[in-house]
Protein chains: 2
Amino acid sequence: MTTDNKGKKNGTGDKKSLTPQRTVARLALYRRMLLHSKEEGKKTIYSHELGEILGINPPQVRRDLMEVGFEGHPRRGYEIDGLLTRLDVYFGMDQGLRMVLVGVGNLGRALLNYFVGKQAHIAIEAAFDKDPAKVGRAIGGCHCYSLEQLPALVASQGIHVGIIAVPAAEAQKAADLLVKAGVRGLVNLAPAWLRVPPSVFVEDIDITLSIEKVGYFAKMFSQPREAK
Amino acid sequence: MTTDNKGKKNGTGDKKSLTPQRTVARLALYRRMLLHSKEEGKKTIYSHELGEILGINPPQVRRDLMEVGFEGHPRRGYEIDGLLTRLDVYFGMDQGLRMVLVGVGNLGRALLNYFVGKQAHIAIEAAFDKDPAKVGRAIGGCHCYSLEQLPALVASQGIHVGIIAVPAAEAQKAADLLVKAGVRGLVNLAPAWLRVPPSVFVEDIDITLSIEKVGYFAKMFSQPREAK
DNA sequence: TGTTAGCTGTGAAATATATCACAACACTAT
DNA sequence: ATAGTGTTGTGATATATTTCACAGCTAACA
C-alpha cells in the first residue's frame, strides 16, 4: 500500500527523529512474536493477531509498524520475513548486538549463562570485574578481564553497549569508564541513577523498584495491565 | 490483558482510586532517596532536592507526593521520617513485603543471594523448583520446596506477591499456580506475556527486550532521558 | 464482470501525563 | 512588626500517547 514516509513527526525533529521509547519497546515485542510465528510456518500476520496476544490494540500495532517504514497489504497483512529483516536492521542486529558486561557477581553470572550461546543475536563479548580472583578466568563461557583493560577492548572491538551489574556504590564509576571508552548505550542493573552525557542512552532495570511497585498494586486489588 | 479492558477507568474514585504506574515507580524512587538522605542525618527535604538527582522536575515531585496525601511545609520542605512511614504504608511494607520465588536457576539464585538478608523490607519467604535435586535444600539462605507444596505454603503464609524466574515455556504454568494460590501481584522475569485475571497485577522485567531497546537508541546517537 | 468482506494507513479525537505559573504561606533578618 | 525570600499546592496549559473511525485497497467469489 502506498504511504509517503516523509514528514516524520516526533516532537521537535531536531537531529535525527527518534522513535518514542514505548514504541521501541513494543517493536521489540513484535519481533519476538514474529520469530515465534515464523517458526510455526506462518508467512504473513495481521495487526490484530500481533496485538491480541500482547494486549495491544490493532491501530497501535499498525502505527508502530509505520514507524519503521514497513507496509502491509490490505486483506493479506504483514509479510513476516520482510518485517523481521527490517526490524533487525532497525535494532542494529544485522551485524549482531555486541556488548560488554561490568560486574561478575551473582547477577552478572546469571546474565552470562543466559546470553552466552543461547541468544543468537545478542553477544556478550567480554566481562570485567575488579576482583583479581575473577580476572583471567572464563566465567559462563566468557573471558573476564580487569577494569584497566576495558577502554582498549571496547574501543578495538567497536562495542556500543555496556551492561552494568555492579553494586550501587560502584555503578557511576563503571558508567564513567564505559562512556569514556565510547559506549553509546547502557543497561543499568544497579539501583542507582547514573549521570551520563545526553549522547548516551541508559535503560534502568531496577528489580527492587519493580517489586515495590508490585507491592502497591497487589495491595490495591486490581489494575488494568499495560504492555510495556 | 486477555479479552476486554474496556470501561476500566482510573479517574473517578469508584472503590479505590489507583495511582498511575509511572507515579508509583517514582514514589519508590523517592523512598530510596529518602532513606539515603535520612542516613546522612537530614530531617527534611525539598521537592527540588528530591527531583534533581533523579532527573524529575519539582512540580512533578510535589504532585506525586500529593498522591500519597503527604503535605510539606512551605519554606521547610517535607519531613523525611513522616514521609517514609507514609510511603511504607503505601507500598504495603509496614508489615514487610513478603514473597515467594518460582524457579531457582541462575537468575533465581542471583535474586535469592541479593534479597535474603540484604534488603530489610523485602523478604523471599520460600523458593520453589520442579528439579528434585534442588528441592529440600536451602539455596542462598532460602528453603527450596517442590511445586506441589506451593499452594498450601502461599495460602498459609499469606503471601501476596510471587516472582517468576522460570524459562519462558513454563512461565504461564507458574503464573497459573501462583494466581490459584491467591497471589495478587507477580514479578515476571521470563520473556513471556502472562495471561492472568484482571485482579492480578503483573510487572514484566524483560532483560532481552531492554537490551534490544538500548541497541536501537545506542545506534541513534542520543536521546533525552526520562525517569521511569 | 460486479459485489462483498476484511484489512491497512491515517487524520482526528480522546486520553494520559508532565510542565508552567503563581497565590498562599512560613521562616529570616531587620 | 514588617519586608523579603524561597517553598509548597494546584489550576491551567502543554505535550505525549493511544484510540477511534473511516476511506481506500485487495482478495475471493458469484
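Here the structure is a predicted model, which means the values were calculated and not measured. Numbered from 1 within each chain, the chains take letters A, B, ... in sequence-line order.
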d(CG, B:Leu65; C1', D:dT8) in whole Å:
11 Å

May I have the distance from A:Arg26 (atom CZ) to D:dT19 (atom C1'), rounded to whole angstrom?
12 Å

Please report, rounded to the nearest Å, how far the P atom of D:dT7 is from the CD1 atom of B:Ile45.
13 Å

Parallel, tilted or perpendicular: which describes the rings of B:Tyr216 and A:Phe91, with under 30° parallel and over 60° perpendicular?
perpendicular

A:Gln157 and A:Arg98: side-chain donor and acceptor closer than 3.5 Å?
yes

Atom CZ of B:Arg62 to atom P of C:dT19: distance rounded to whole Å?
12 Å

When we call it a touch if two heavy atoms are under 4.0 Å apart, what does A:Ser47 touch: a base, just sugar-phosphate, or nothing?
sugar-phosphate

Rounded to the nearest angstrom, tell me the gap between atom CD in B:Glu71 and atom P in C:dA24.
17 Å

In whole angstroms, how far is the C1' atom of C:dA24 from the NE2 atom of B:His73?
15 Å

Taking atom CG of B:Leu186 and atom CZ of B:Phe201, what is their separation to the nearest 0.5 Å?
10.0 Å

When rounded to whole Å, the CG to P distance for the pair A:Leu50 and C:dG9 reads 12 Å

First encountered from the 5' end of DNA chain C, between A:Arg75 and A:Pro59
A:Arg75

Please classify the nucleic acid contact of A:Arg76 as base, sugar-phosphate, or nothing, using heavy-atom distances under 4.0 Å.
sugar-phosphate

B:Tyr46 side chain N/O closer than 4.0 Å to the phosphate oxygens (OP1, OP2) of C:dC27?
no

Would you say a side-chain N or O of A:Asn57 is under 4.0 Å from OP1 or OP2 of D:dT18?
no

Winner on side-chain proximity to A:Gln60, out of D:dT19, D:dA21, D:dA27, is D:dT19

Of the listed D:dA21, D:dA12, C:dA12, the closest approach to the B:Arg63 side chain comes from D:dA12

If you check every side-chain atom of B:Pro74, which of D:dT7, D:dC20, C:dT8 has the closest atom?
D:dT7

Below 4.0 angstrom, N of the basic side chain to O of the carboxylate: do A:Glu212 and B:Arg32 qualify?
no

Rounded distance [0.5 Å steps], CD1 in A:Ile164 versus CG in A:Asn188
5.0 Å

Protein-nucleotide distance (B:Asp64, atom CG; D:dT8, atom P), rounded to Å:
13 Å

